[in-house]
2 protein chains.
Amino acid sequence: MAAQQPKRPTMNDVARDADVSLKTVSRVVNRMTTVDPAMTDRVLVSIRRLGYRRNDVAATLRTGTETRTIGLITADLQNAFYTPIAAAIASAARARDFHLITASSEESPDLEKATVLDLFQRRVSGLVIVPSGDNHRYLRTEVKMGTPVVFVDRPGGGLRADAVLLDNAGGAAAAVDELLAAGHTRIAVLLDSLEIYTMRERHAGVQVALERAGVALDPALVGHRLHTPDDAAAAVATMLDLRRPPTAVLCGNNRSLIGAVDQVWRRRSDVAVVGFDDFETSRLLPMPVRIVNYDAAELGRIAAERAFARLDGDTSAARTILLPTELVSRGGFAR
Amino acid sequence: MAAQQPKRPTMNDVARDADVSLKTVSRVVNRMTTVDPAMTDRVLVSIRRLGYRRNDVAATLRTGTETRTIGLITADLQNAFYTPIAAAIASAARARDFHLITASSEESPDLEKATVLDLFQRRVSGLVIVPSGDNHRYLRTEVKMGTPVVFVDRPGGGLRADAVLLDNAGGAAAAVDELLAAGHTRIAVLLDSLEIYTMRERHAGVQVALERAGVALDPALVGHRLHTPDDAAAAVATMLDLRRPPTAVLCGNNRSLIGAVDQVWRRRSDVAVVGFDDFETSRLLPMPVRIVNYDAAELGRIAAERAFARLDGDTSAARTILLPTELVSRGGFAR
DNA sequence: TTGAAAGCGCTAACAG
DNA sequence: CTGTTAGCGCTTTCAA
């Protein structure tokens with residue numbers, strides 16, 4: 001039997017086999033045109049025979065810079081919300097012959113920092129981050145070395161870097177405006193933890209719209225820390241049993257939307273339901289709902305575009321890009 | 001102003017700054033214990049002052065092997081089906097201080113091959129592939145060099161490599177058995193293209209179960225190339241209008257399930273609906289359905305486990321692992 | 001315990 | 001058009 005682990009052939013092996021110099025092989029491998037066709041053929045034959053494949057690690061080391069790799073750190077790889085973002089970045093990377101390394105911070109600032117530093121050690125060409133922490137000063141050195149960093153979905157802290165965010169406050173305000181226009185004044189709000197940036201923004205948007213209309217937000221109609229659909233359903237149940245129940249419910253994310261729809265539909269209540277974050281099967285919802293929608297893939301696309309622009313030498317001031325939201329109708333499937 | 005792109009400090013820079021030898025810095029960076037504490041301190045101070053971070057590209061080159069990177073090629077990064085698989089592999093990678101490069105073949109064998117070769121040039125330590133093509137002979141050389149390849153969800157072709165698959169045929173047969181036991185004999189089947197491995201397997205499972213029971217499959221009740229929910233809905237509509245309509249529908253994937261439920265519920269028909277591939281919001285389906293379910297994350301977990309086992313020196317024969325499926329009840333939300 | 005020298009596989013610079 | 005030499009930043013001998 002042959003050796004357990006046949007060594008990978010190197011450029012030197014090919015050169016010896018084809019009886020040409022190392023540099024000639026390098027020229028052929030890199031498709032430089034200035035090589036005699038006969039020699040080129042000899043080299044190609046040797047390459048094929050030995051099963052040679054260039055070692056990009058060595059090439060990268062010599063040329064110094066580019067690993068042609070973008071690192072993406074999301075808060076939770078499991079979460080389907082990040083799928084279109086990652087897909088869009090991967091697609092943009094492909095188009096420039098880059099690859100994508102994906103990692104997750106699991107919402108832990110410490111893990112995020114460790115992962116970021118690890119990716120820098122691997123000399124990623126650029127980094128796109130859905131930040132978990134709010135202190136990114138530790139990135140300053142790296143950014144100064146010329147590696148672009150782009151924040152997506154949430155802003156970073158203590159670092160001038162591009163950020164691509166959703167207009168969460170604007171979307172929430174628009175939803176409330178629509179409810180107010182339809183005559184609702186008792187509007188319930190279902191929120192997850194206010195430590196999450198998007199929740200704070202959406203909450204703020206609600207408050208702004210209500211204040212503008214001179215309508216007070218009843219604290220009894222605000223649910224906090226609703227993490228699962230069941231949490232939301234329970235909160236809605238309680239609210240519907242109040243002496244003065246809400247006539248509309250605004251859901252801060254799609255999990256609370258599912259819980260709210262469950263309760264409202266079960267009771268055949270005519271409470272209006274508005275939610276954030278559309279999902280693939282929202283058409284299956286049994287009752288009509290309005291959803292604050294946006295183009296998640298666009299978040300990734302623009303983040304990648306920013307990263308590549310920086311790689312291409314754009315040294316303009318860091319900018320924050322706010323993506324618009326729009327109210328759409330979903331559900332009513334069971335009617 | 002300073003230079004545009006401050007050069008990254010190297011180990012040599014640190015050595016000079018701390019007035020020690022290169023090797024001493026290397027020892028400190030790699031946490032070798034055999035270094036004088038005083039020197040260690042001097043080195044650490046210099047490292048911090050210069051903002052030094054080891055270049056893993058160079059380290060990898062010298063040690064020859066391991067980039068501590070797993071490549072994952074799926075058929076379609078957009079598809080939520082692959083999200084739990086990717087997350088599970090990323091998680092397993094993390095646990096061993098590996099990273100994950102994700103790429104998509106977009107169901108194109110050519111793109112798959114190009115991507116695979118590219119990843120090998122980058123010297124990934126292992127590769128997990130959801131294959132699009134059926135000829136993976138081109139991988140033989142690489143596998144011989146010791147880079148493990150694991151197929152997931154679909155088998156590869158022409159290459160002895162580990163594969164982690166679902167028991168598609170068994171799941172389909174179990175679903176049909178249940179319908180037969182409930183007295184159904186006119187069972188419709190909704191399929192996407194039979195070029196897709198999972199469709200062929202599921203189709204075969206249906207045939208086996210029906211033959212076993214001596215029940216004929218009416219060609220009029222088999223829908224092919226149903227790609228979208230609307231395709232499936234249209235096919236179901238046609239079948240329900242037949243002189244002898246089906247009493248049950250078996251859906252080959254979740255898109256056809258959605259289309260079938262749409263039609264059946266809309267008509268308030270009492271046709272039984274069974275589907276493949278559970279999804280997050282299946283609890284919202286207005287009518288009760290049975291779904292052939294499985295643990296998608298487990299696919300990724302086992303694939304990663306196989307890859308790492310091979311990296312750890314497991315040279316046993318390639319094996320194909322079949323993951324079980326189970327019938328679960330979903331929906332009925334609107335009742 | 002520390003250091004000098006060699007070299008991983010490749011590309012850049014410069015001759016021939 | 002082709003080859004020689006040097007060296008990317010690190011780890012690995014092997015001496016001191």
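Nothing here was measured: the structure is a model prediction, and the numbers come from that model. Below, chains carry the letters A, B, ... as their sequence lines are ordered, and counting in each starts from 1.
An OP1 or OP2 oxygen of C:dG9 is reached within less than 4.0 angstrom by no side-chain nitrogen or oxygen of A:Thr10. Note on B:Ser26: a side-chain N or O is less than 4.0 Å away from OP1 or OP2 of D:dT11.
When each of D:dG3, C:dG3, C:dA12 is scored by its nearest atom to the side-chain atoms of A:Thr63, the top-ranked nucleotide is C:dA12. Relative to the side chain of A:Arg54, the nucleotides C:dT11, D:dC1, D:dG3 differ in distance, and C:dT11 lies closest. If you check D:dC10, D:dG3, C:dC10 against the side chain of A:Ala59, the one that comes closest is C:dC10.
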- Query: Stepwise, does the side chain to side chain contact (heavy atoms under 4.5 Å, CB included) test hold for A:Thr83 with B:Gln78?
  - Reply: CA-CA 6 Å; A:Thr83 304; B:Gln78 303 263 18; 5.7 Å; no

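Judged by distance alone with a 3.5 Å cut-off, no donor-acceptor contact links the side chain of B:Lys23 to the base of C:dA4. A donor N or O paired with an acceptor N or O is found under 3.5 Å between the base of D:dG7 and the side-chain atoms of A:Arg62.
Per the geometry, CG belonging to A:Asn30 stands 17 Å off P belonging to D:dC1, to the nearest Å. As rounded to whole Å, 18 Å separates atom P of C:dA6 from atom CG of B:Leu61. Residue A:Arg16 contributes atom CZ, which lies 11 Å from atom P of C:dG9 at whole-angstrom precision. For the pair A:Leu22 CG and C:dG7 P, the computed distance is 15 Å after rounding to whole Å. At whole-Å resolution of the value, CE in A:Met11 and C1' in D:dG3 are 15 Å apart. A:Asn55 places its CG atom 12 Å from the P atom of C:dC8, with the value rounded to the nearest Å. Distance B:Arg8 CZ to D:dC8 P: 17 Å, rounded to the nearest Å. Following rounding to the nearest Å, B:Gln121 (CD) and C:dT11 (C1') show an atom-to-atom distance of 15 Å.
Under 3.5 Å, the side chains of B:Asp314 and B:Ser316 contain a donor-acceptor pair of N or O atoms.
In summary, A:Asp118 and B:Arg68 do not engage in a salt bridge, as defined by a charged side-chain N under 4.0 Å from a carboxylate O.
Side chains of A:His136 and A:Phe151 form a contact here, defined as non-hydrogen atoms less than 4.5 Å apart.
Nucleotides of DNA chain C nearest to B:Arg123 and B:Arg27 differ in position, and the one nearer the 5' end is that of B:Arg27.
Remark: B:Arg160 CZ is loosely packed, at most 12 non-hydrogen atoms of other residues, nucleotides or ligands lying under 6.0 Å away.
Within the nucleic acid shown, B:Asp56 has no heavy atom closer than 4.0 Å to any nucleic acid atom.
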